[in-house]
Amino acid sequence: MPNAFYVTTPIYYVNDVPHIGHAYTTIAADVLARLARLRGDAVFFLTGLDEHGQKVQQAAAKAGIDPQTHCDQLMPKFKDLWEKLNISQDGFIRTTDAQHQTIVQHCLQTLYDKGLIYQAEYTGWYCTFDERFWTEKDVLEGLCPDCRRPVEQVSERNYFFRMSQFQDQLKEHIHTHPEFIQPDSRRNEVIGFLQKPLGDLSISRPKSRLSWGIELPFDRDCVAYVWFDALVNYISALEYLSAHPDAPTFWPASVHLVGKDILTTHAVYWSTMLMGMERPLPQCLFAHGWWTVEGEKMSKSRGNVVDPSAMIEEFGTDAFRYFLLREVPFGQDGNFSLAAFHSRYQAELANDLGNLVSRTLAMLGNFSQHTVPHPDPQTETEFDHQLQQTTSTLFGTIEEHLHRFEFHRALEAIMGLVQLANQYIDKTAPWILAKDPARAARLQTVLFHLAETLRFLSYALTPFMPHTAEAMNRRLGLTADISTSLLSNYPPWGTYTYNNPVSKGTALFPKKDIPATQGSQTTPTSSPPASKNPQALGSSGKSSPLAIPTDDTPQIGIDEFMKVQLKMAKILEAERVPKSSKLLKLQVDMGTQQRQIVAGIGKKYAPEELVGKTIVVVANLKPAKLMGVESQGMVLAAGEKDMLGLLGVAEDLPPGTTVK
RNA sequence: GGCGGUGUAGCUCAGGUGGUAGAGCAGCGGACUCAUAAGCCGCGGGCCGGGGGUUCGAGACCCUCCACCGCCA
């Protein structure tokens, strides 16, 4: 009986635009699933969509269609992206599936029958615009903390789950199962959260307020709280989407991958729900970090959401998968920058890995008539053994790292072998051996070692970069099924018989021109067409194509520049600072806030002519006092000693807009 | 405000149980030519956030201060 491995992603909100965050979790889950399959486990990999709730109901109403139709229209965005990303999910659940809804009702009924659900009056401050409740503490002077509109006190009869009953049991479980919540920092947060008394959980909404949901079996005037509905997906899917013949059961899940924002929901709500239903808890909840984009938080309003499709189109699925898992340790937050992407693509994928494959296959072609020769053990050296050793143990190393969710370390180990192989080539210099017929045996040994190294590399890469692994196998002339063969069946070093000719093929990761602009994340177009070879003008050939000649001023990197936060600001008021000829005190609107900025522009501008102008300011400059007046930023202006003119933008942009 | 974390080379970060600082990237130099002008070799002296303490000896242990971050309120 194979080991059962059940991995899940959260179910994504169908109304969202799929972005790098969705892709990240799903790719990570895919790697775990693919690795487990190679290990021989019976695998169930589940992802899907959360389709109920207020936002969907509203969006559908706005579009003038019924919510289900709306969901049906949105669903392909996700499914298509998973296909592009080569995601190998075994199940794709939608919370509007009829079976899921039935199971959610079963769960509710079970808890109700056990006396774990009760009805109570809930009173809170309700914001009609946001359609949500706030607590007394949230409300700011009678206004909604979110939209600043007046809130009203509203009472509602709702159903509550006796979550508080399970507080001690949950604390106990977390303490006795250190691996339950990972990484440790998140585990500590949950432990901290549970130090305070746990309340009961409202699990219903009146239909009068929200109708797009699953009806409570014991009260048709209410629907289930969306989180209750959503969390149950992890067990409901198993009952109608999993038809694995080998595994009797996939529950409890091996791992739920979640973003750090929904950790509490999973660690506390979901755990206590399961306890209420007397079902075992998942073995592990792993909360990964968030991505910023070019140093900024991703948000729709900023318009800086990375569209995975655009990246895939430019660099390929595997490069995208590689970057996300290589760049940042899984539990930590990371920054997605085009510069970093380029750097890794160029250095690690094109130069190191791609070129290793390329030069190896070329030599097998040139020096061995497109075949993998037999080695002569007599000619083996210490380095040969080292390469053999590292290669043979690579997969085990990867498994160790992935067991701890250290994707970046696993990929680091793979690149370590790539480097070792490149060193091996330089040290053994097959092109020199090829010139000397007396050393033919040694040449054969070297080429054989390189072929074997590539064979193991491709196997190790399979979970991370399936297309690349397959391409490597094909070029080496391996039979197609070897990339899906189980670890236990995989031919050990030296035991594989190479029967087919090898072929070099085109570059696995063709070098890319670096786009001229660093800011735009969506369209890294292949500019400039003038120079096909980006290094053509460089002398050393190693200098970064980004480096441009300047005067003596030291160059700074994109990271340093990105530390400076520039924003558009509209001048609301301006007045002279007393006793100063050039300082003006400005009150500016920066979108979300108003600030006072003191600027030395009084010789050029009169205060009254500035009001209403939109300018560029440094938003994250440390406040300072100029002639006793606090300045919370700095305006940008042109000119050396004498200020010649303020910076503005050709377009009329709203205050608060980011400038890059 | 409570709890937790972080602060190490220009950048990103490693540095179980204390013994006198490392990697990758960037930069500089070199030899080579199989290869996607790729790769390989050599070159890093940075008050290890500040101050105090324990110790023969602390980046690592203790105290304190500062800065930043997370969770909760």
Side-chain angles (χ1 to χ4, degrees), chain A residues 135-138 181 183-198 260-261 263-264 267-268 287 289-290 292 295 326-329 331-335 337 339-340 342-368 383 406 408-409 411-412 415-416 418-435 443 446-447 450 504-513 531-547 554-563 620 622:
Chain A
T135 65
E136 182 79 47
K137 289 170 211 144
D138 294 327
I181 299 169
D184 283 349
S185 53
R186 299 296 164 196
R187 179 169 179 263
N188 285 340
E189 283 178 12
V190 176
I191 290 173
F193 183 84
L194 290 171
Q195 297 304 359
K196 306 236 166 78
L198 194 58
K260 62 179 184 176
D261 52 322
L263 175 62
T264 307
V268 181
W290 274 23
T292 54
R326 174 73 184 92
E327 178 74 355
V328 177
Q332 289 175 28
D333 289 349
N335 179 44
S337 86
H342 268 285
S343 172
R344 290 214 185 265
Y345 179 88
Q346 213 84 301
E348 297 176 14
L349 295 179
N351 295 349
D352 292 345
L353 174 60
N355 186 49
L356 171 68
V357 174
S358 182
R359 66 201 301 213
T360 300
L361 294 173
M363 288 189 287
L364 285 166
N366 297 337
F367 308 144
S368 187
F383 201 163
E406 294 176 332
H408 71 297
R409 289 236 164 109
L411 289 170
E412 193 176 50
M415 293 316 294
V418 169
Q419 191 188 19
L420 191 67
N422 273 320
Q423 290 167 336
Y424 180 81
I425 293 177
D426 282 272
K427 194 154 236 167
T428 55
W431 51 93
I432 292 176
L433 298 175
K435 288 179 186 153
L443 176 62
V446 167
L447 294 178
L450 287 171
K504 186 174 165 190
T506 55
L508 289 176
F509 301 99
K511 301 265 286 192
K512 300 278 179 186
D513 286 350
S531 140
K532 188 94 176 114
N533 177 355
Q535 309 270 338
L537 299 174
S539 51
S540 73
K542 287 196 75 171
S543 68
S544 160
L546 277 174
Q555 293 190 356
I556 60 168
I558 184 78
D559 297 325
E560 279 173 274
F561 177 71
M562 281 304 176
K563 285 183 189 164
N620 61 340
K622 251 185 216 164

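Just the heavy atoms: all of them, side chains too, but no hydrogens, waters or symmetry mates, feed the values below. Here is how names work: the chains are called A, B, and so on, in the same order as the sequence lines, proteins then strands, and each is numbered from 1.
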Taking CG from N366(A) and C1' from A35(B), how many angstroms apart are they, rounded to a whole number? 10 Å

In whole angstrom, give the distance that lies between atom CG of N351(A) and atom P of U36(B). 12 Å

C1' gap between G29(B) and A67(B), integer Å: 39 Å

Side chains of Q423(A) and F383(A): closer than 4.5 Å at any heavy-atom pair? yes

List the atom of H408(A), the atom of V328(A), and the distance in Å for their closest heavy-atom pair. CB-O, 4.1 Å

In whole Å, I'd like the distance from the CD atom of Q346(A) to the P atom of A26(B). 11 Å

Interatomic distance at C1', C66(B) relative to A14(B), whole Å: 25 Å

Of the non-hydrogen atoms in E412(A) and R326(A), which two are nearest, and what is the gap between them? CG-NH2, 4.0 Å

Quick check: on RNA chain B, is the nucleotide nearest L349(A) upstream (toward 5') of the one nearest Q423(A), or the reverse? Name the residue that is more 5'. L349(A)

Result for 5'-nearest mapping on RNA chain B, choosing between E412(A) and W431(A), is E412(A)

Taking the side chain as every heavy atom from C-beta outward, state whether N366(A) and W431(A) have any pair of such atoms under 4.5 Å apart. no

Expressed as a whole number of Å, how far does the P atom of G70(B) sit from that of G53(B)? 35 Å

Looking at the side chain of R359(A), which of G39(B), A38(B), C41(B) is the nearest nucleotide? G39(B)

With a 4.5 Å heavy-atom cut-off, do S358(A) and K504(A) have their side chains touching? yes

Kindly point out which of C40(B), U36(B), C71(B) is positioned nearest to the side chain of A350(A)? U36(B)

Side chain to side chain contact (heavy atoms under 4.5 Å, CB included) for K511(A) and N351(A)? Distances and angles first, verdict last. CA-CA 8 Å; K511(A) 301 265 286 192; N351(A) 295 349; 3.0 Å; yes

Would you mind classifying the nucleic acid contact of A362(A) as base, sugar-phosphate or nothing, using non-hydrogen atoms under 4.0 angstrom? sugar-phosphate

Among U36(B), C72(B), C34(B), find the nucleotide with the atom closest to the side chain of D426(A). C34(B)

May I ask you to test the L263(A)-I181(A) pair for a side-chain heavy-atom distance under 4.5 Å? yes

What contact category does D333(A) fall into here, base, sugar-phosphate, or nothing, at under 4.0 angstrom with non-hydrogen atoms? nothing

Donor-acceptor pair, distance only, cut-off 3.5 Å: does the side chain of D333(A) make one with the backbone of G289(A)? no

Euclidean distance, atom NZ of residue K427(A) to atom C1' of C41(B) [Å, nearest integer]: 9 Å

Can you tell me how far C1' in U64(B) sits from the matching atom in G57(B), rounded to whole Å? 23 Å

Each nucleotide N or O in nucleotides 5-8 of chain B that has a protein N or O under 3.5 Å away: list the pair and distance.
none

So, does K504(A) get its side chain near the phosphate of U36(B), meaning an N or O under 4.0 Å from OP1 or OP2? yes

Considering all heavy atoms, the nearest V446(A)-T428(A) contact: CG1-OG1, 3.5 Å

Quickly work out the Q332(A) CD to C13(B) P distance and round it to whole Å. 7 Å

In terms of side-chain heavy atoms of L508(A), which of G39(B), C25(B), U36(B) is nearest? U36(B)

Would you mind classifying the nucleic acid contact of R344(A) as base, sugar-phosphate or nothing, using non-hydrogen atoms under 4.0 angstrom? nothing

Smallest heavy-atom separation, F509(A) atom then A350(A) atom, equals O-CB, 3.3 Å

Give me the distance, rounded to whole Å, that separates G50(B) from U6(B) when you measure between the C1' atoms they each carry. 16 Å

Whole angstrom is fine here: how far is it from CE in M415(A) over to P in A23(B)? 19 Å

Looking at G39(B), does its base get a donor-acceptor pair with the side chain of N355(A) below 3.5 Å? no

Which part of the nucleic acid does E327(A) contact within heavy-atom distance under 4.0 Å: base, sugar-phosphate only, or nothing? nothing

Could you give the CD1-to-C1' distance, from I425(A) to A35(B), as a whole number of Å? 8 Å

When you get a sec, tell me which of C34(B), G70(B), C25(B) is the closest nucleotide to the side chain of S343(A)? C25(B)

In whole Å, what separates the C1' atom of A9(B) from that of G15(B)? 14 Å

Scanning both residues in full, the closest heavy-atom pair of Q346(A) with K512(A) reads NE2-O, 2.9 Å

Looking at C72(B), I'd like to know if its phosphate oxygens (OP1 or OP2) sit under 4.0 Å from a side-chain N or O belonging to Q195(A). no

Rounded P spacing from G7(B) to U17(B) in Å: 14 Å

Rounded interatomic separation in angstrom, taking NE2 from H408(A) and C1' from C25(B): 16 Å

Looking only at heavy atoms, the pair that brings L356(A) and N422(A) closest together is CD1-OD1, 3.5 Å

Output the pairing pattern of RNA chain B as a dot-bracket string, 5' first, Watson-Crick or G-U wobble with both distances under 3.5 Å, | for cross-strand pairs, [ ] for crossing pairs. (((((((..((((........)))).((((.........)))).....(((((.......)))))))))))).

Spacing of the P atoms in A58(B) and G19(B) (rounded, Å): 11 Å

Under 4.0 Å between any heavy atoms, over every strand shown, what does G192(A) touch: base, sugar-phosphate, or nothing? Just pick one. nothing

